[in-house]
Amino acid sequence: MSLPNSRSAVDHPAGQPTAGATGIDAEPGLPLDRPRLRGSYWITTFGCQMNKADSERMGGILEAMGYTPGSDEHSADLVIYNTCTIRDNAEQKVYSYLGRQALRKRADPNLTLVVAGCVAQQEGEALLRRVPELDLVMGPQHANRLASLLERVEGGQQVVATEEHIILEDIATARRDSAVCAWVNVIYGCNERCTYCVVPAVRGREQSRLPQAIRLEMEGLAARGYREITLLGQNIDAYGRDLPGITPEGRRAHTFTDLLASVHDVDGIARIRFATSHPRYFTERLIDACADLSKLCEHFHIPFQSGDDDVLRAMARGYTVDRNRRIIDSIRQRKPDAAISADVIVAFPGESDAQFRRTLDLIEAIGFDQVNTAAYSPRPNTPAADWSNQVPEAVKVERLQEVNAVVERVALHRSGRYQGRVEEVLAEGVNPKDPTQLMGRTRNNRLTFFPAARPEGPVHRPGELVRVRIDTVRAFSLSGSLA
Ligand code: SAH
Ligand code: SF4
Ligand code: F3S
C-alpha cells in the first residue's frame, strides 16, 4: 500500500522514468539500458544470515539502478536499515539508529530513508507514525522488489510494502561482501509455530525456490570464482514441502536431500554448507547424503533450544531431548569428527532451575563445538509472551552468564582435538589484525588464522584451499602454520 506524501519538507526530484519500467515486467523495475546516477547508498544489516543475504541482493539492485556504495551511514544519499526483531534488544537498536537519521533528514530532505526486514514487517505503518521521516517500510518478502518500490518513493510517495507476497526470483546480481563464500537462499519463511518466535509472523509461509533456480545461481557464482556456498533456510529440512510432485515410490518429489544431490556437482564449488536444520525434520536420509557427498562440510547447526522435555513441549518444538541426541549420535556414527553447533534459549517462561541445569548438562554431554545462547525475550503476538510464569530479569542474566561459561569451556575442549592436526582451510580473506596472515575456516567451521606465505614460498590468496598445521587452539578459533 502507499500513503499520499503529506510531508511538505520532503522534496524528491520528480524522478524521470527509468528504462526498466517497460510495461513488460515492471515488477523488479530494473533498468535495461544504462542506469542513471542516483547518488550513494548505505545498508546496515542486523540479525541473521537471511537478512545478510537479503542485504546483498538489495545492494545489487541499488547498483543496477545507478547507486554507488557510500563511505558511511551519515553521508549516504540513501540509507537502508535491514532490521531484526528476534529479541527486544535487536528491535530497540533499530530505533536508536533511526532517531539519528530522522534528525539528519530534517536538515537534508534529499536523504532517502528505508527500513527493511523483520521490524519493518512487524510494525508496518506504525513505523511511519513513530518515524514520519521514513520514505519506505518494506518487509523481507519485498527485498527483490526494491527497485520498483524506490521508483514510487521517487515519484513522491511514502510507501509501506508488507503484504504477503510471492517472492520473485532476483534478476540483479547480488553485491556480495565476500568473493569466496556466498549464501544461496533455498527456502524462505517458516511454517512452524514455536511459542516464543516472531519469525513465522515476519517472514511468512514457507516458499521453496525451484531446484533449477538454485543450481543456476550456484553455477553463476562458480563462474565468478566463488568456492563455498551456504544454502540458507530458517528450517532448511522443510525444503520442497510446498513444491508439487510425488515420485513413483510415493515420496515428495522435492526434498532437501534431493536438492543437495542435484547441486553437488557444480564445477568450481569446493564446499557446501547449510543452515538451519530443525531436529524435527532431520532425517537419516539427509545424514547419509551428507556422508556420501564429498563437498558437504562436516558441520551441522541443529538448534535444540532446551535440554528439558517439558520446556521443549511448552516451546512447541515437536521433538524430545532423546530424539535430538539420536540425530547427533547418528551423525557421529557416519562422521565421527563432525562439528555440531546449536542455539539455546535460557529462562523460557516456567523454566525451573532443574530444567535449566538439564540444558547445561546436555551441552556438556554432547560436547557442542559452538552454541548461540540467548535469554528468552517476550515478543509481540507470540503465545509465550502472555504467559504468567515469566522468569525474573535477574535470573535471566544469571542463567545466561552460566550457560555462556559452559559453552566456552566445552568449545575450548572441542578445539583441543585440532592441536597438531593438519586441516584444510579455505582462505577467505586477510586477517584484519595482521596483514601477513590469511583467515578462513576448517571444514568443520572453526575460524583459523595462518601465514599467507613461508619465507621465499609462494603467497597464498583468498579462494585457495590451504593445508594448515594447527599450533594454537582457542575456544572459537585456531591458529596455525603452513603444512
Ligand atoms: N529457525 C531456527 C531459528 C531461527 S531464530 C530454528 O528453529 O532453530 C534464531 C534463534 O533465535 C533461535 O534458534 C532461538 O534460539 C533464538 N530466539 C528466537 N526467538 C527468541 C526469543 N523470543 N527470545 C530469545 N531467543 C529467541
Ligand atoms: Fe522460529 Fe521455530 Fe520457525 Fe525456528 S522453527 S524460525 S524457532 S518458529
Ligand atoms: Fe532476526 Fe528476522 Fe533473522 S527477526 S533473526 S532477521 S529472520
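Both counts, for ligands and for their atoms, begin at 1 and track the order of listing. Just so it is clear, the structure is predicted and the values come from calculations on it, not from any experiment.
Under a 4.0 angstrom heavy-atom cut-off, Arg203 registers as lying outside contact with ligand 2.
Using cut-offs of 30° and 60° for the angle between ring planes, the His278 and Tyr281 rings count as perpendicular.
For atom 7 (O) of ligand 1, the closest non-hydrogen atom on the protein side is Arg317 NH1, 3.0 Å. Closest to atom 4 (Fe) of ligand 2 among all protein heavy atoms lies Arg317 NH1, 4.1 Å. Counting protein heavy atoms only, atom 4 (S) of ligand 3 is closest to Thr85 N, 3.3 Å. Looking at atom 9 (C) of ligand 1, its nearest protein heavy atom turns out to be Asp343 OD2, 3.7 Å. Looking from atom 23 (N) of ligand 1 to the surrounding protein, the closest heavy atom is Ser377 N, 3.0 Å. Of the protein's non-hydrogen atoms, the one nearest atom 24 (C) of ligand 1 is Ala375 O, 3.4 Å. Nearest protein heavy-atom contact of atom 19 (N) of ligand 1 is Tyr196 CD1, 3.3 Å. The protein atom (non-hydrogen) at minimum distance from atom 25 (N) of ligand 1 is Arg87 NH1, 3.1 Å.
Within the protein, the N, O or S atoms lying under 2.8 Å from atom 3 (Fe) of ligand 3 are Cys48 SG.
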Worked check of side chain to side chain contact (heavy atoms under 4.5 Å, CB included) between Glu91 and Glu123: CA-CA 10 Å; Glu91 184 180 348; Glu123 297 300 314; 3.6 Å; yes
Test log, rule side chain to side chain donor-acceptor pair (under 3.5 Å), inputs Arg358 and Gln355: CA-CA 5 Å; Arg358 279 185 206 120; Gln355 289 172 323; over 6 Å; no
Side chain to side chain contact (heavy atoms under 4.5 Å, CB included) between Ile61 and Asp170, worked out: CA-CA 9 Å; Ile61 293 170; Asp170 176 27; 4.1 Å; yes
Test log, rule side chain to side chain donor-acceptor pair (under 3.5 Å), inputs Ser262 and Arg215: CA-CA 8 Å; Ser262 73; Arg215 191 181 164 103; over 6 Å; no
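Of the charged side-chain nitrogens involved, at least one lies within less than 4.0 Å of a carboxylate oxygen, so that Arg251 and Asp258 count as a salt-bridged pair. A salt bridge does not link Lys105 with Glu133: none of the charged nitrogens is closer than 4.0 Å to a carboxylate oxygen.
Ligand 1 has no N or O atom lying under 3.5 Å from any N or O atom of Asn235, backbone or side chain. At least one N or O atom of Gln305 sits closer than 3.5 Å to an N or O atom of ligand 1. Taking distance alone, with nitrogen or oxygen atoms compared against 3.5 Å, Gln234 approaches ligand 1 more closely than that limit. Below 3.5 Å of separation, one finds no N or O of Thr276 facing any N or O of ligand 1.
Two rings, from Phe46 and Tyr97, have their centers less than 6.0 Å apart.
Residue contacts with ligand 1 for Ile86 involve both N, CA, C or O and side-chain atoms from C-beta outward (heavy atoms, distance under 4.0 Å).
Listed by number with element, the atoms of ligand 1 under 4.0 angstrom from any heavy atom of Pro303 are 8 (O). With ligand atoms numbered from 1 in the order given, ligand 1 contributes 14 (C), 15 (O), 17 (N), 25 (N), 26 (C) to contacts under 4.0 Å with heavy atoms of Ile345. Below 4.0 Å from some heavy atom of Tyr196 lie the following atoms of ligand 2, by number and element: 7 (S).
Protein atoms of type N/O/S that fall under 2.8 Å from atom 3 (Fe) of ligand 2 number 1 in this view.
The line from OG1 of Thr68 to CE of Met65 is 13.0 Å long, rounded to the nearest 0.5 Å.
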